Amino acid sequence: MKFSELNIPSDILGALEKMGYEEMTPVQEAAYPIIAEGHDLCALAETGSGKTAACAIPLIQKVDPELNAIQGLVIVPTRELCIQYVTEIQHIARRTSVVPFAVYGGFDKDIDIAKLKHGVHILVATPGRLLDYLYSGVLSFKHVKCAILDEADELLKVGFLEDIEFILSCIIREHQTLLFSATMPEDIKKLAHDCLRDPRHISLITERKAPTSIDHYFTYQHPKDKQAALIKYLKEEDVKQALIFCNARHMVDKMFASLRKDFEDVGYIHAGLSQDKRTSVFRQFKNMKIRYLFASDVAGRGLDFSHVSHVVNWDLPQGRESYTHRTGRTGRMGKKGKALTFVTRHDLSDLRELIGRNEISPLWIGKDPLLANNTSPERKARNRKRPFRPNRGKGKPVAKP
Ligand code: AMP
């Protein structure tokens, strides 16, 4: 279905056209009418599905620009998601007089307060900063008509259920509440039960597997050869933008320092950087000023970088979800992407599990260590027949080769 088939005002429709949004995504088709009609919503959906616009379009329509007060509230778990969310609203609302604004930890409070005093219609915020402003009386939710809890499962990892419930309890007037989550554990069900009124439910999670719009390459390397292999790979590939994930911050720093000698537009991001620096790197990467970004998992969840053509796992991701989240930064909205994961001999048992559980068909650059390590049925049979020979000398018993 096309956006033009809906009853969307021309200023919003024009902005959507400019953004290249013509056809609605499945989440947008399912969620838009529910939100527009004013129902509460409990949606199982992930980033990458178009859920931001699904909420932003009707939310902008609900705002009365003449009323100088916060009318829409969006709560998100991280600072980066906060910036991403508010940017999407800004783009969609650019031809209207609706004012969106984001508040998140680490940003200058005086600027926040001045902007809030001047007038904000839609506030996007992380829970910590929001609580801070609620306790100090900086904010008023007197006119909030619609509250959105985005990535609710992640929200409950960074804040407490009681905090979120407290924030929502500060909205005194009757309002609409929308909850989006990628999973539905018990605490999210409780949150939905406590905060939503007669909600409509939609589920748009297809599978929690690695995305299929991506070719999953792997390469088996000796640790000391990894860096040369990475440089060769990045130079040979047609890289529009690459996100290179490391498991530890110090490795991000180290890789950035070494690779900036070989490449010009390199950057790095991890939770150890100041908020200003993180925001600036995040924006530069979004605006294509950085081509190769070294990152810890801080950049792995939820963030949408639509130009990323390659994701590299310098270290094997820890846990199945991490592989899915990292590689999901490429191959967005049906585009084709490539993921390359470096494997060393220490990773082999984790690798088997990762490939099996994510149902990946790995494409090996160089040798496939899992094949090399496979013991043939004949060899297994020989091993079974081999008699145990106690060690006649000193030390541990040894099996004969
Ligand atoms: P989200 O799930 O909201 O983070 O959106 C994921 C990506 O899809 C973002 O890059 C959006 O700009 C893009 N997007 C959202 N809706 C549409 C649409 N209807 N057509 C094309 N791109 C879209």
Side-chain angles (χ1 to χ4, degrees), residues 1-8 12-36 41 43-61 72 74-94 100 102 122 124 126 148-155 178-183 202-208 211 213-214 240-241 243 282-283 285-288 293 299-309 311 324-337:
M1 189 172 185
K2 289 188 186 337
F3 284 109
S4 53
E5 294 170 49
L6 297 174
N7 199 10
I8 298 178
I12 297 182
L13 210 52
L16 293 175
E17 252 169 50
K18 186 122 197 280
M19 293 163 80
Y21 295 9
E22 198 185 317
E23 288 285 339
M24 301 175 89
T25 67
V27 168
Q28 289 161 355
E29 274 204 43
Y32 180 87
I34 297 173
I35 305 173
L41 173 68
L44 257 179
E46 302 177 284
T47 312
S49 55
K51 67 184 162 68
T52 318
C55 292
I57 302 167
L59 185 59
I60 295 165
Q61 286 179 255
V74 185
I75 311 174
V76 296
T78 66
R79 301 153 182 191
E80 281 77 11
L81 276 172
C82 206
I83 298 168
Q84 188 170 290
Y85 211 110
V86 82
T87 308
E88 180 91 341
I89 302 180
Q90 275 161 352
H91 285 145
I92 301 174
R94 56 148 71 91
I122 299 175
V124 185
T126 52
I148 300 171
L149 302 174
D150 193 44
E151 308 241 336
D153 48 354
E154 288 300 302
L155 266 177
L178 316 172
L179 182 150
F180 284 81
S181 189
T183 56
I202 57 176
S203 172
L204 290 137
I205 299 270
T206 37
E207 286 159 335
R208 306 282 295 156
S213 55
I214 299 171
K240 197 164 182 205
Q241 273 193 311
L243 251 175
F282 176 72
R283 281 197 205 285
F285 194 62
K286 273 216 122 167
N287 299 332
M288 311 276 292
L293 184 64
R301 257 213 90 115
L303 301 182
D304 175 54
F305 301 116
S306 46
H307 301 295
V308 173
S309 54
V311 166
T324 306
H325 289 304
R326 286 181 179 187
T327 55
R329 298 315 97 207
T330 183
R332 311 285 286 177
M333 299 297 289
K335 287 183 202 156
K336 217 52 193 153

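Since the structure is predicted, the reported quantities are computational estimates derived from the model, not experimental observations. Every number for a ligand or one of its atoms is a count from 1 in the order of the listing. What's counted below: heavy atoms across the whole structure, side chains too, no hydrogens, waters or symmetry copies.
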query = Which is it for Met19 and ligand 1 at heavy atoms under 4.0 Å: side chain, backbone, both or neither?
reply = neither
ask   = Are any side-chain N or O atoms of Thr52 and backbone N or O atoms of Tyr85, one a donor and one an acceptor, separated by less than 3.5 Å?
value = no
query = Going by distance only, is there an N or O of Phe3 that falls short of 3.5 Å from an N or O of ligand 1?
reply = no
request  = For Lys2, enumerate each residue passing the salt bridge (Lys or Arg N to Asp or Glu O under 4.0 Å) test, keeping only those at least two apart in sequence or located in another chain.
outcome  = Glu22, Glu23
task = Taking only heavy atoms of Gly50 into account, list the atoms of ligand 1 that are under 4.0 Å away from them.
result = 1 (P), 2 (O), 3 (O), 5 (O), 15 (C)
key: Evaluation steps, side-chain contact (heavy atoms from CB on, under 4.5 Å), between Ile8 and Gln61   = CA-CA 8 Å; Ile8 298 178; Gln61 286 179 255; 4.2 Å; yes
request  = Output the list of atoms in ligand 1 that are nearer than 4.0 Å to some heavy atom of Thr52, sorted by atom number.
outcome  = 1 (P), 3 (O), 4 (O)
ask   = Do the charged groups of Lys286 and Glu80 touch, with an N to O distance under 4.0 Å?
value = no
ask   = Counting both backbone and side chain atoms, is some N or O of Glu22 under 3.5 Å from an N or O of ligand 1?
value = no
request  = Answer yes or no: does atom CG of Asn7 have more than 12 heavy-atom neighbours from other residues, nucleotides or ligands under 6.0 Å?
outcome  = no
